[in-house]
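Okay, so here's the structure we're looking at.
All values derive from a computational prediction rather than experimental measurement. Remember, it's 1-based here, ligands and their atoms both numbered in the order they're listed.
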Amino acid sequence: MCGIVGYIGQQQAAPILLQGLSKLEYRGYDSAGISVRNGEEETVIVKSKGRLKVLAEKTNDGLAVKGNCGIGHTRWATHGEPSEQNAHPHASEDSSVVAVHNGIIENYQEIKEKLEKKGYVFYSETDTEVAVNLIDYYYKKHDGDPLDAIAKAMMRIRGSYALAIMFRDYPGEIFAARKDSPMIIGINNSDVFIASDVPAILKYTRNVYYIGNMEIARLTCGNVTFYNIDKEEIEKELTEIKWDEEAAEKGGFEHYMMKEIHEQPKAVRDTLNSMIKNGSISLSDAGLSDEELEKISHIYIVACGSAYHVGVTLQYVIEDMARVPVSVDLASEFRYRQPIMEKDGLVIIISQSGETADSLAALREAKEKGVKTLGIVNVVGSSIAREADRVIYTLAGPEIAVATTKAYSAQLAAGYVLAVQLAKVRGKINEEKYTEMIEELLMLPDKIAKTLEDKERIQWFASKFSNAKDVFFVGRGLDYAIGLEGSLKMKEISYIHSEAYAAGELKHGTISLIEDGILVIGILTQQELYEKMISNLVEVKSRGAYLMGLTVYGNYGIEDTVDFSVYVPKTSKYFASSVAIIPLQLMGYYLSVSKGLDVDKPRNLAKSVTVE
Ligand code: G6P
């Protein structure tokens, strides 16, 4: 996820681009850049690593760069670490094409190799530079027609993109193209804008065009023309944006957390698509070969917070499916307990930020002991990503709300893919089961989206419990792992004390805490443990608990036992956490909202804990 902007008109472009980018920093903030054209003069490109303010200082808030036409970008690295070199805009070899890009070009490696054979040389590690040179290639091959070159490149590229492009031979024009990545075109008299998202241009206009998939726009001062992929002109309706600025930044949601909850189908889909190609798993981007996976004698998962809960889930999944022994540790414990690690073991560090101090220390500890390490990380180029021997990136994009949702879901997805591949290379599942697991995985995004449709019921239920003092989550097996995360979501943002218990442990203490009206949330996605769970729920009910049951569609008999039931779509038993967590995230969210709390920034908590 990155942010792009563009401007053409009668004003100076650079300050407008910087202002627009400042509203898109939520989409990425590891580096930024602008490219501005002053009439016939050569395009000037200024880029910098770090937050946008570094670029603002470098350009004197844009005043140092002259010209009425330009494009800008704020980056969230997906290919290539955050650096000035990898920052956008990118230029073709002789600078005849300059562009910014948001999205992921899946076949960039293949295109890059083809272009290299034709003599193209690349200076960055980005997929964007590949797209720019591909456009340049078609532009030069076919009579210098920008529209034609872009359309040909679009046919060749697989993946998602929003591109804003300038051609040296066409001063005073910007081209835009998109597929599956957001982009809008705004207009106000002679000023024309491009942006990934509404907040970037709200200061200047509320009149926008939505550019459709596989469409191209040609912008000149005061005018936009749209084309389909066959270069035929198409008509578009102007839409008036009615949101205020703050609402627009959150995509119309009241809080970032809610926005991120809704981004989960995409986060999971993008992560799965980066690891599953043409129906089979490829971990080559992470540098993990089948031989390596075959040899692993023990997996040690180490993480903090929600990432630790992903580890607990993966322990169940990997041990059951791939029959590899797995231990899970909190990083703060692992680093000081002198863990015994087998030399053919693999230490997996799971971290959204890649900067959590304890997780980083645990990684270093493992490396010092000579054990191979794998990071499952969301932030490209972060410390854990750099220091781990191997990295699998989750493609959740930047997460702003302190309480993680979409990064957690993307971590689960990445872990599942790893589990399936481990099971396959170690002969624990046959070809048929392997295909079935992959199909199940690819259905998860839609099932998550379907679960989100039921949010009003959760909202209603949460409103009844905003005064609760204690809430208990109970489950067995994987449902216990989901409970841990559901409980954390609830306590961290609603400040209601909550605990998750393995349901079989209730009798060993917790049951004495059950009083009349205490909310107990039972999670029952694991069919073979269903009956046992029902017995546990009956036990707490007879002590006065108010019961919510979370299970899969079909288990309607649960209504005989619980007071309120929530159903989620059926999945493979291994992947149930991904759908069952959704109502629990919503529950925490709505409780926090109904108590009037600061959902996105809960007291005393930080998004990334970089101190011990
Ligand atoms: C903080 C965040 C949690 C996160 C944990 C680990 O406590 O609030 O949401 O799970 O850190 O962070 P990491 O960046 O390593 O995943």
In the protein, which heavy atom is nearest to atom 16 (O) of ligand 1, and how far is it?
-> Gln352 N, 2.6 Å
What are the atoms of ligand 1, with element, lying closer than 4.0 Å to any heavy atom of Ser353?
-> 13 (P), 14 (O), 15 (O)
Nearest to atom 9 (O) of ligand 1 by heavy atom, Ile376, Val379, Asn378, Thr404: which?
-> Thr404
Looking only at heavy atoms, what is the nearest atom pair of Val380 and Ala77, with distance?
-> CG2-O, 2.8 Å
Any chance the side chains of His255 and Asp600 put a donor and an acceptor closer than 3.5 Å?
-> no
Where is the nearest protein heavy atom to atom 6 (C) of ligand 1: which residue, which atom, and how far?
-> Cys304 O, 3.5 Å
Could you go through the side chain to side chain donor-acceptor pair (under 3.5 Å) check for Gln109 and Asp127 one step at a time?
-> CA-CA 8 Å; Gln109 202 61 44; Asp127 50 349; over 6 Å; no
Less than 4.5 Å apart, any side-chain heavy atom of Lys343 and any of Val371?
-> no
At a 4.0 Å cut-off, with the gap strictly under it, does some heavy atom of Ala606 reach an atom of ligand 1?
-> yes
Nearest protein heavy atom to atom 4 (C) of ligand 1, by residue and atom, and its distance?
-> Ser306 N, 4.3 Å
Number the atoms of ligand 1 from 1 as they appear, then name those within less than 4.0 Å of a heavy atom of Ser351, with their elements.
-> 13 (P), 14 (O), 15 (O), 16 (O)
Could you tell me whether Tyr546 and Phe465 have their ring centroids closer than 6.0 angstrom?
-> yes
For ligand 1, which part of Ala403 has a heavy atom less than 4.0 Å away: the side chain, the backbone, both, or neither?
-> neither
If you scan protein heavy atoms around atom 12 (O) of ligand 1, the nearest is Thr356 OG1, 3.3 Å
Quick check: does any side chain N or O of Lys447 sit under 3.5 Å from a backbone N or O of Lys570, one acting as donor and the other as acceptor?
-> yes
Does a donor on one side chain sit under 3.5 Å from an acceptor on the other, for Thr405 and Gln264?
-> no
Is there a donor-acceptor pair under 3.5 Å between the side chain of Tyr416 and the backbone N or O of Leu314?
-> no
What protein heavy atom sits nearest atom 2 (C) of ligand 1, and how far away is it?
-> Lys607 O, 3.5 Å
Which residue and heavy atom of the protein sit nearest atom 3 (C) of ligand 1, plus the separation | Val402 O, 4.4 Å
